[in-house]
Protein chains: 2
Amino acid sequence: MEDKEEISSENYANWFALYHLCQNIGSRKAIHISSVEFGKILNLSQQTASRRINQLEDIGWIQRKITGKDQIIRITKKGADVMLAMYKDLKQILEEILIVGEVTEGMGEGGYYVRIKEYYDQFREKLGFKPYFGTLNIQLSDLNKELLEENLKNRIPFIIQGFEKEEEGYIKRKYGSVECYDCIVSRLDDQTKKINGAILKIKRTHHKKNIVEILAEPYLRDILKLKDGVRVRIELIKKS
Amino acid sequence: MEDKEEISSENYANWFALYHLCQNIGSRKAIHISSVEFGKILNLSQQTASRRINQLEDIGWIQRKITGKDQIIRITKKGADVMLAMYKDLKQILEEILIVGEVTEGMGEGGYYVRIKEYYDQFREKLGFKPYFGTLNIQLSDLNKELLEENLKNRIPFIIQGFEKEEEGYIKRKYGSVECYDCIVSRLDDQTKKINGAILKIKRTHHKKNIVEILAEPYLRDILKLKDGVRVRIELIKKS
DNA sequence: ATTACTAATATCCGAGTAG
DNA sequence: TCTACTCGGATATTAGTAA
């Protein structure tokens with residue numbers, strides 16, 4: 001609460017100054033930096049940069065040692081806390097935004113996949129349950145989609161292998177592989193029921209519509225009483 | 001690059017305005033908010049808040065619909081990108097800072113633990129190798145320690161169980177449990193050799209000194225040619 | 001109620017320059 | 001060289017209102 005007050009009051013400039021300092025300190029403990037150099041980083045004059053440094057010191061976000069023409073700056077615990085607080089906050093904001101979407105009527109590809117025996121057997125084995133013969137389609141906003149993609153990057157999917165099969169007429173058809181991420185689905189307005197499922201990520205998918213497909217054992221529309229437009233939460237699970 | 005220019009130039013205020021908007025939008029798609037309310041959030045007058053909203057719209061970070069006395073605001077993809085960029089950047093900064101410390105002479109507790117048979121057998125089994133009979137002690141800055149703690153929170157340790165043992169004189173002594181986190185250690189100035197190890201987190205530890213103890217199979221001081229003061233990188237591994 | 005313009009004012013920035 | 005002061009000009013904010 002207090003930290004936030006400190007940041008949000010009106011010293012945006014100081015916050016950004018600290019942020020840029022951290023960027024330039026990198027993995028070192030401290031940094032030698034002149035006010036001219038710091039000014040260049042911040043797109044400010046030497047004078048203002050100098051003032052910034054003084055202010056940061058006054059606030060207690062940095063500590064400074066001036067020896068002759070040299071100044072060594074290091075971030076204090078208080079300063080680190082400020083950065084950490086912002087990081088945590090952003091993380092929370094982004095993750096909170098991330099995990100909400102709207103149920104939508106789907107001619108989802110996923111539903112098609114799950115009905116094919118070669119896929120179904122793999123789903124069954126790798127999910128640990130017999131999935132329902134169709135997927136729940138969730139419409140995401142651009143923001144949500146963006147964030148989901150970013151988040152999935154950090155996770156290890158389990159892969160449903162592709163395969164080839166001879167169709168009637170002796171044409172060989174290729175079936176692509178599918179990436180799956182464990183998740184938990186629930187109604188946003190009623191968090192009592194949480195259902196395990198998986199996000200399906202099909203390789204060659206329509207990029208335009210931000211639709212995510214969920215596979216689960218029960219028929220989600222029934223068990224969660226979902227209709228089109230109902231908002232659901234998709235929680236990503238730590239380990240797959 | 002361009003994004004950063006956009007943020008860092010001088011519109012700190014706009015960035016923070018967007019940030020606070022996101023905070024208040026939460027999991028919703030959009031938000032009804034008057035300029036008075038928004039002003040309160042930002043600690044600004046209604047007039048300035050109104051101007052901010054206009055600016056955010058001009059920049060293209062938000063989209064707005066005014067219908068009579070109502071205005072509905074939603075974040076655009078461009079706006080979301082700005083937030084994401086900052087998040088990623090902070091994450092990188094913090095993680096980069098996080099993983100560097102200095103080798104220090106240690107009378108580390110960990111070294112004591114690893115020499116006790118009951119512990120050693122567990123280490124051997126759970127690490128998958130026979131650890132060296134001592135730990136490498138890494139001195140962290142306050143900032144690093146803070147960040148490490150924060151980061152470890154999100155990880156699942158493997159636990160070396162505590163036990164009781166009768167000492168000479170029939171006194172029963174209690175040995176506490178130890179948490180371990182897989183990691184990779186390397187010299188900061190020479191990343192060619194990367195050694196697998198584990199961070200030891202002993203329950204009842206001295207809080208004052210920011211020292212982390214690393215357990216590994218080889219004698220790290222030899223294999224990495226470490227002396228006191230040499231900076232090493234500790235990479236945390238995704239899965240334990 | 002609202003949003004947002006204009007004019008007054010508070011704040012910030014950088015040139016000049018001292019220490 | 002450095003940092004950091006003063007002060008005039010630039011910029012941002014707010015009060016008073018209009019729409």
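Between B:Val82 and B:Met86 there is no side-chain heavy-atom pair separated by less than 4.5 Å. Considering only heavy atoms from C-beta on, A:Leu215 stays 4.5 Å or farther from A:Cys180 through its side chain. Side chains of A:Ile138 and A:Ile199 form no contact here, defined as non-hydrogen atoms less than 4.5 Å apart.
The side chain of A:Ser45 contributes an N or O atom lying less than 4.0 Å from OP1 or OP2 of C:dG14. At least one side-chain nitrogen or oxygen of B:Ser35 sits closer than 4.0 Å to the OP1 or OP2 atom of C:dT3. Look at A:Ser50 and you won't find any side-chain N or O under 4.0 angstrom from OP1 or OP2 of D:dT3. For C:dA4, one of the phosphate oxygens OP1 or OP2 lies less than 4.0 angstrom from a side-chain nitrogen or oxygen of B:Asn54.
Between the CD atom of B:Gln46 and the C1' atom of D:dT14 there is a distance of 10 Å, rounded to whole Å. Atom-to-atom, CZ of A:Phe38 to P of D:dA4 comes out at 13 Å; the value is rounded to the nearest Å. To the nearest angstrom, P of D:dT13 lies 13 Å from OH of B:Tyr12. Taking atom CZ on A:Arg51 and atom P on D:dC7, their separation rounds to 14 Å, with Å as the unit. Per the geometry, NZ belonging to A:Lys65 stands 17 Å off P belonging to D:dT3, to the nearest Å. Here the P atom of nucleotide D:dC5 and the CD1 atom of A:Ile53 are 13 Å apart, to the nearest Å. Distance, A:Gln55 CD to D:dA4 P: 12 Å, rounded to whole Å. Across the protein-nucleic acid pair, A:Leu44 atom CG and C:dA15 atom P stand 11 Å apart, rounded to whole Å.
Within the structure, ring pair (Phe, Tyr, Trp, His ring centres under 6.0 Å) contacts touching residues 211-233 of chain B (residues at least two apart or in different chains) are B:Tyr132-B:Tyr219.
Considering only side-chain atoms of A:Arg64, the nucleotide from D:dT13, C:dA4, D:dT3 that sits closest is D:dT3.
Here A:Arg64 pairs with A:Glu57 under the salt bridge (Lys or Arg N to Asp or Glu O under 4.0 Å) rule; sequence neighbours left out. For A:Lys91, the salt bridge (Lys or Arg N to Asp or Glu O under 4.0 Å) test picks out no residue, with sequence neighbours left out.
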Pairs under 3.5 angstrom only: tabulate donor-acceptor contacts from the side chains of residues 30-39 of chain A to other protein residues two or more places apart or in another chain.
from	atom 1	to	atom 2	distance (Å)
A:His32	ND1	A:Asp70	OD2	2.8
A:Ser34	OG	A:Val36	N	3.4
A:Ser34	OG	A:Glu37	N	3.1
A:Ser34	OG	A:Glu37	OE1	3.2
A:Ser35	OG	A:Gln46	NE2	3.3
A:Glu37	OE1	A:Ser34	N	2.9

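Relative orientation of the A:Tyr87 and B:Tyr87 rings is parallel, given thresholds of 30° and 60° on the angle between their planes.
In DNA chain C, stems built from 3 or more consecutive Watson-Crick or G-U wobble pairs, each with both distances under 3.5 Å, span C:2-19 with D:2-19.
More than 12 non-hydrogen atoms from other residues, nucleotides or ligands lie less than 6.0 angstrom from NZ of A:Lys194.
At the heavy-atom level, B:Ser34 lies under 4.0 Å from the strands shown only through sugar-phosphate atoms.
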Write down the protein N/O and nucleotide N/O pairs, taken from nucleotides 6-9 of chain C, whose separation is under 3.5 Å; answer none if there are no such pairs.
none

